[in-house]
Enquirer: 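Dropping the structure in here first, questions after.
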Amino acid sequence: MASVRVAVRVRPLIKREKEVSAKVIIHMEGSTTSIDCNKKHLSKGTPGTGLKDRGRQSFSYDFSYDSTDVGSPNFVPQEKVFKDLGCDVLEAAFDGYNACVFAYGQTGSGKSHTMMGSPGDFGLIPRICEGLFCQISEKSQGDVASFRTEVSYLEIYNEHVQDLLTTKKSPENGSGLKVREHPKDGPYVEDLSKHLVQNYKDIEKLLHAGKAKRTTSSTGMNDVSSRSHAIFTINFTQARFDAELPCEMVSKIHLVDLAGSERADATCATGARLKEGANINKSLVTLGIVISALGGDRGGSHKGKRKKQLFIPYRDSVLTWLLKDSLGGNSKTIMIATLSPADVNYSETLSTLHYANRAKNIFNKPTVNEDSSVTVIRKLQEEIVRLKRLVEKNNQALLSPQDLSKTLKVEEKLHKNEVKVLELTREWTNKWGETQNILKEETVALRKQGIGVVMDSKLPHLIGIDDDLLSTGTILYHLKEGRTLVGRDEASSNPDIVVHGAGLLEEHCVFENRDGVVTLIPQTGALCSVNRLETTQPCQLTQGAVIQLGRGTIFRFNHPKEAAHLREQRKCCAVGYISNKEKTHLQRNASSTSSKLSL
Amino acid sequence: MASTYSHEWRAVCDKFNNAQDLSEVESRKDPENDPFRSKYKARELLREIYCSLKNFDVDSPAGSRAAKLGAVEYYLGVNHVETEELSAGEEHLMNCMTLLEKCSISPENVSLFIQVRNQLGILWAGRDEIEKAQGFLETAEAMYIRYMKEDGQPPMDLTEFFVAEEEALPQQERTKRFEMAYTHTLYYLAQVYKNLEQYEKAGGYCHSTLQRQLEFNQFLPLEWAINAATLSQYYITKTLYMEGRHCLSAASVIADLAGEVPSEAAAQESEAEAEKRDQLRQKRAEIARCWIKYCLNLLQDAKKLLEDNIGELDMDRQAELRATRLKEEEEKERGRKSAVLFGSSDTFDSICGLEEKVSCVFPVDFEEARAIFLVGQTYVNQAKEYFEMDGHVTDHIEILQDHSALFKALAFFEEDLERRCKMHKRRVDMMEPICKDLNAQYYLLVCRQLQFELAETYYEMMDLKLAVANKQDDLDAHTVKKFNHLCSSSTKFYQMFLDSVRSPEGKWPEKLEDEVLRPALVAKFRVARLHSRLISSSKTIQLENLNRSLECYNFVVQYCKDNPEAKSAIETELELSEEMVSLLPLKINRLQANLASSN
């Protein structure tokens with residue numbers, strides 16, 4: 001549920017602005033905010049903004065809150081802001097997730113009004129806290145759970161972390177507190193003080209105490225807090241019994257006051273980002289930033305091209321580091337930017353709008369690096385082809401003009417065979433892959449008879465009887481209509497059946513299948529015998545004939561049709577699934593059978 | 001003239017020194033609330049100098065006087081720019097330009113010629129007028145080149161306009177300052193090109209900047225080393241491994257110039273030593289991480305070149321790469337090398353020595369790949385010493401992920417499937433325990449990455465196990481068990497990933513977030529496939545698995561139906577899923593029929 005919602009809110013004109021008869025340049029409609037471009041600034045060419053659209057510039061956010069005119073029906077009160085944004089935060093916290101509220105805006109743009117509010121018109125923080133303690137007391141009463149709420153408050157100034165709530169004096173020249181990561185407890189600040197709180201009053205007190213401690217600086221242009229980020233964190237632990245087992249859930253709510261000026265980012269030595277726009281960094285100290293921007297994220301734009309994994313040795317800014325769990329993780333993140341409506345604040349307001357617009361992208365979300373699924377896809381495609389073949393065959397069977405009962409019978413037989421195949425799958429572990437493959441080719445069928453296995457095929461075929469004692473495989477060669485040449489693999493004529501062994505010629509003999517009648521034609525000088533009778537002449541083969549080629553290569557000839565005919569004569573029932581698919585020969589081919597186990 | 005106005009002149013020189021001191025030294029101590037105090041004081045002094053100069057008689061050579069006035073204008077210009085008064089700054093700098101028009105380039109003023117253009121470059125870049133900036137800087141570059149060609153003697157420094165003759169700088173110092181100014185020109189040009197998105201040019205200028213820092217001994221070892229290491233990452237994106245390796249070797253050698261790492265004992269005694277220890281260890285570990293990426297990308301890019309369409313090593317491509325590599329290697333290397341060399345005489349040999357330890361050409365076979373892998377692994381171990389799990393969780397894990405990726409890339413080159421499988425096992429062994437230990441609340445993204453990678457690795461192992469079994473004819477009950485175990489482990493981690501997308505109540509989001517959209521759908525798709533691959537002798541279980549498989553395929557199809565915008569993210573997988581959704585029921589029906597008929 002990682003999500004970032006961005007809202008902007010514009011306040012009414014204030015007295016000072018009215019005095020200089022400032023004009024309202026912010027307009028809101030739905031979730032869109034637009035700003036009238038200031039001619040004065042356009043002509044001057046404000047640095048960093050460019051001379052884009054003259055007239056009006058529009059931005060789209062999750063929420064645009066118009067609070068310029070209390071009297072207007074469109075006026076957005078605190079309550080509405082809380083309902084839209086704050087409630088989610090609370091919900092997340094009680095669900096055990098982290099939540100994060102960022103506030104950003106020029107001083108005087110209504111940031112504290114939105115965040116803190118005033119008595120009688122409370123802002124987000126008091127409302128969230130009130131909601132928190134309200135729910136706590138509700139839930140504690142029912143004895144469902146007990147709660148513990150601790151807060152801490154820190155400031156990041158020039159990449160140094162300072163505890164805003166400690167009474168201890170921070171070390172004089174120290175580089176601030178260290179930020180680290182714990183595998184179970186997440187990112188943390190070493191030695192940061194935590195303070196137990198019971199109600200919003202406690203929190204309020206601490207907020208004020210911390211605020212007073214924040215680095216104060218004011219250069220004619222920059223206000224007090226604009227150069228430091230502050231993070232107020234509520235650590236919230238729920239303890240309860242879940243099925244008699246103690247169970248603890250921790251969630252954090254970060255309330256972040258972002259530095260009003262990006263200057264703070266640009267000046268610090270580490271973790272600095274390049275300033276937007278075309279600025280040139282003057283000092284060679286920033287060379288590293290320039291270099292690191294070269295390798296940047298540009299690789300991702302080309303689809304299909306692998307994005308290279310690089311390491312850019314510039315650390316995340318402390319802010320990003322500390323809020324990692326909120327920015328990228330399972331948390332509810334809200335960003336509120338506050339605006340002044342007046343034309344006199346044009347530059348700052350525009351920069352705020354830009355910043356808020358970019359906010360979603362600021363949170364870098366590395367996603368899962370997924371391997372290319374090419375092999376997986378390949379194999380699935382193969383399976384789909386097989387399945388389709390099955391369907392086709394089915395359809396053919398159904399379309400055949402035979403009566404329905406017959407087709408049903410075929411189906412049933414088909415099923416029966418598949419059952420057997422599956423059973424065999426289990427037992428035939430030795431020849432697992434090959435068998436499976438052959439089965440899938442569906443030219444032959446295997447069935448179990450007693451403890452034996454019978455291989456059925458429709459075509460006349462040869463069964464290889466290997467004299468190699470260690471061989472456990474059985475080879476089946478189909479004898480298709482026409483000539484099937486048997487010979488050694490060095491033969492130039494590419495024999496259909498390749499044989500090895502003593503006494504074999506390059507082209508040894510031919511099996512000719514003409515209308516189901518199979519004849520053995522020995523080539524000149526070839527040693528062939530049928531049923532132990534040596535022959536040099538063509539010889540018609542009958543079911544069960546034993547053929548010896550050369551000195552040790554023996555085949556048994558099977559002619560299923562003939563056999564069936566014979567069996568019929570003997571009044572035996574025919575069994576077996578007959579495939580209508582033909583295949584020349586099914587040599588053992590281990591490599592092509594790899595991992596086709598899925599059927 | 002100095003003698004004529006010796007008294008007044010001395011006053012001018014003193015004032016100038018004062019101004020310099022205020023601007024460069026005092027200004028750093030200015031309080032936050034008055035940051036430009038010293039700069040303003042310096043400005044006053046410069047103005048006085050300007051008036052004095054104007055009042056001096058014109059008996060000096062016209063060029064000399066103009067150049068002096070130009071120098072004051074220059075300093076005034078810089079002063080205004082630094083105090084954020086750009087327009088005034090521009091005016092002074094342009095005055096300087098006008099004054100210089102009266103002069104021809106000479107050893108006295110060439111520095112000013114260059115530096116005023118540097119400043120104008122920065123100024124215009126800040127106003128988004130990048131071409132204008134480019135013009136000034138490129139002119140400066142050309143002036144330097146011309147001067148060095150035509151004259152070449154160490155020119156006067158700007159400050160020497162305002163010192164007594166006897167205080168003139170030694171030649172060496174003059175060279176140093178002049179070259180430094182030019183180094184800045186190059187650095188600014190690098191930024192201009194970067195902003196113009198001419199990244200190659202920008203990279204070249206960054207490289208030159210680094211080279212010159214080294215050449216003129218103007219660098220801090222650690223900072224320089226990190227920059228060079230960062231530049232290596234840019235070269236990796238450009239597949240320029242020779243340059244990348246050179247940067248890394250130089251980075252390692254120069255980082256060593258920063259001295260020995262203080263011992264732990266020393267660090268405990270003094271804060272400064274502790275800081276130094278941490279810095280040195282961190283930077284060296286970061287350089288090691290850049291090396292890891294170098295090795296990793298070199299292996300991965302080679303893999304990309306060598307793999308066929310199902311991700312296996314393609315012999316033809318291997319032969320091809322071997323041949324082209326031989327041809328290109330020599331000529332290319334010679335040509336490129338002279339252009340990019342880093343190092344002074346004393347470091348050059350060490351840099352070359354380090355380069356020789358790892359190849360910069362694509363490995364074509366296992367032996368070559370292994371050599372690169374081993375170097376990568378050494379750096380993995382080095383990097384892990386600093387980036388320990390405790391305190392540096394995300395960094396530590398990223399290094400582990402790289403280690404895993406190194407194994408994965410190496411496995412591609414390994415022909416022996418059994419050994420390949422073992423490499424993947426190593427990946428599992430390093431990631432699985434971490435994945436279990438990590439709190440997803442804080443490290444959700446990392447967790448997801450690990451889960452996904454583990455799932456993919458188990459998947460890979462399962463495929464390999466099967467291929468091995470098929471080859472060896474020994475798929476026994478044990479192997480089937482193992483196969484099923486790998487299947488379920490893969491499923492388990494995909495499932496964990498998928499669960500991480502659920503809401504706290506365990507509900508699937510109606511809409512997947514962009515960053516998890518594709519991974520989540522891919523995970524579903526894979527889980528579908530995995531379910532159908534499980535081997536079981538029980539038909540009931542088979543049926544169950546197939547039904548689950550169908551469910552998952554259905555999910556993918558349905559999700560894309562409900563969210564058509566998701567289609568483009570997962571095109572191929574969706575197409576396959578759609579087919580499976582139409583085909584699988586057939587298979588399921590049959591199995592059901594079987595089950596019915598066998599009961």
Side-chain angles (χ1 to χ4, degrees), chain A residues 1-2 45 47 50 95 180-181 183-184 186 217-219 277-282 284 287-288 290-295 299 308-313 325 328-330 365-371 373-378 380 384 387 391 415 418-419 426 429 432-433 590 593-595 597-598, chain B residues 32-33 35 122 125-128 130 187-188 190-191 195 199 202-203 206 226-227 230-231 233-234 236-237 286 289-290 293 297 310-311 391 393 437-439 442 444-445 448-449 452 456 463 466-467 470-471 475-476 503-504 515 519 522 529 532-533 537 572 576 579 583 586 590 593-594 598:
Chain A
M1 69 171 214
D95 285 340
R180 297 167 65 83
E181 283 175 323
K184 287 277 178 226
S217 71
S218 85
T219 67
N279 281 299
I280 284 183
N281 285 266
K282 250 175 124 167
L284 278 167
L287 174 61
V290 175
I291 294 176
S292 57
L294 291 177
K308 288 196 180 172
Q309 304 279 318
L310 302 171
F311 177 69
I312 304 296
D325 47 340
N330 234 347
K365 296 187 216 170
T367 179
V368 172
N369 295 312
E370 175 213 335
D371 199 12
S373 348
V374 63
T375 19
V376 185
I377 286 168
R378 260 304 169 83
L380 190 61
I384 286 175
L387 281 171
V391 173
H415 289 163
E418 283 207 336
V419 177
R426 179 168 33 132
T429 42
W432 182 253
T593 61
S594 58
S595 60
L597 283 177
S598 50
Chain B
E32 289 282 349
N33 56 8
I122 296 171
R127 290 176 172 166
D128 244 350
I130 198 84
Y187 175 50
Y188 300 154
Q191 296 181 62
N195 290 335
Y199 294 106
C206 284
I226 287 294
N227 289 344
T230 311
L231 189 60
Q233 304 296 294
Y234 159 75
I236 290 171
T237 61
E286 283 173 348
R289 291 179 70 179
C290 290
K293 298 291 186 187
N297 280 285
I310 55 161
V393 177
D437 278 352
L438 213 54
N439 187 343
Y442 299 109
L444 180 70
L445 292 171
R448 282 180 178 167
Q449 285 173 353
F452 217 87
E456 281 180 339
D463 266 349
L466 196 68
N470 280 340
K471 271 201 177 149
L475 201 100
D476 49 18
S503 75
E515 72 273 10
V522 167
R529 179 79 179 131
S532 71
R533 292 192 73 173
S537 55
T572 321
L576 292 170
E579 297 221 53
L583 290 167
L586 173 83
R590 289 199 170 170
N594 284 335
S598 62

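Values in this document were obtained by computation on a predicted structure and should not be read as measured data. Within every chain, numbering begins at 1; the chains are lettered A, B, ... in the order of the sequence lines, protein sequences first and strands thereafter.
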Enquirer: Are the side chain of Asp437(B) and the backbone N or O of Lys184(A) linked by a donor-acceptor pair below 3.5 Å?
Expert: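 Pair absent, no side-chain N/O of Asp437(B) close to backbone of Lys184(A).
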
Enquirer: Go through the structure and list residues passing ring pair (Phe, Tyr, Trp, His ring centres under 6.0 Å) with Tyr188(B), not counting sequence neighbours.
Expert: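 Partners of Tyr188(B) under the ring pair (Phe, Tyr, Trp, His ring centres under 6.0 Å) test: His184(B).
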
Enquirer: Checking Glu579(B) now: which residues fulfil side-chain hydrogen bond (donor to acceptor under 3.5 Å, both in side chains) with it, not counting sequence neighbours?
Expert: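 Partners of Glu579(B) under the side-chain hydrogen bond (donor to acceptor under 3.5 Å, both in side chains) test: Lys388(A).
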
Enquirer: To the nearest 0.5 angstrom, please state how far the CD atom of Gln191(B) sits from the CG atom of Leu287(A).
Expert: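 Going from the CD atom of Gln191(B) to the CG atom of Leu287(A) covers 8.5 Å.
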
Enquirer: Quick one: pull up CD in Gln233(B) and CZ in Phe311(A) and give me the separation to the nearest 0.5 Å.
Expert: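 So the gap between those two atoms works out to 8.0 Å.
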
Enquirer: To the nearest 0.5 Å, tell me how far Ile291(A) CD1 sits from Tyr187(B) OH.
Expert: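 Reported value, rounded in 0.5 Å steps: 8.0 Å.
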
Enquirer: Any idea which heavy atoms bring Lys293(B) and Gln309(A) closest together, and the distance?
Expert: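 Minimum heavy-atom separation between Lys293(B) and Gln309(A): CD-O, 3.4 Å.
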
Enquirer: Quick one: of Cys206(B), Gly391(B), Cys290(B), Ala202(B), who has the most non-hydrogen atom pairs under 4.5 Å with chain A?
Expert: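 Maximum pair count with chain A is reached by Gly391(B).
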
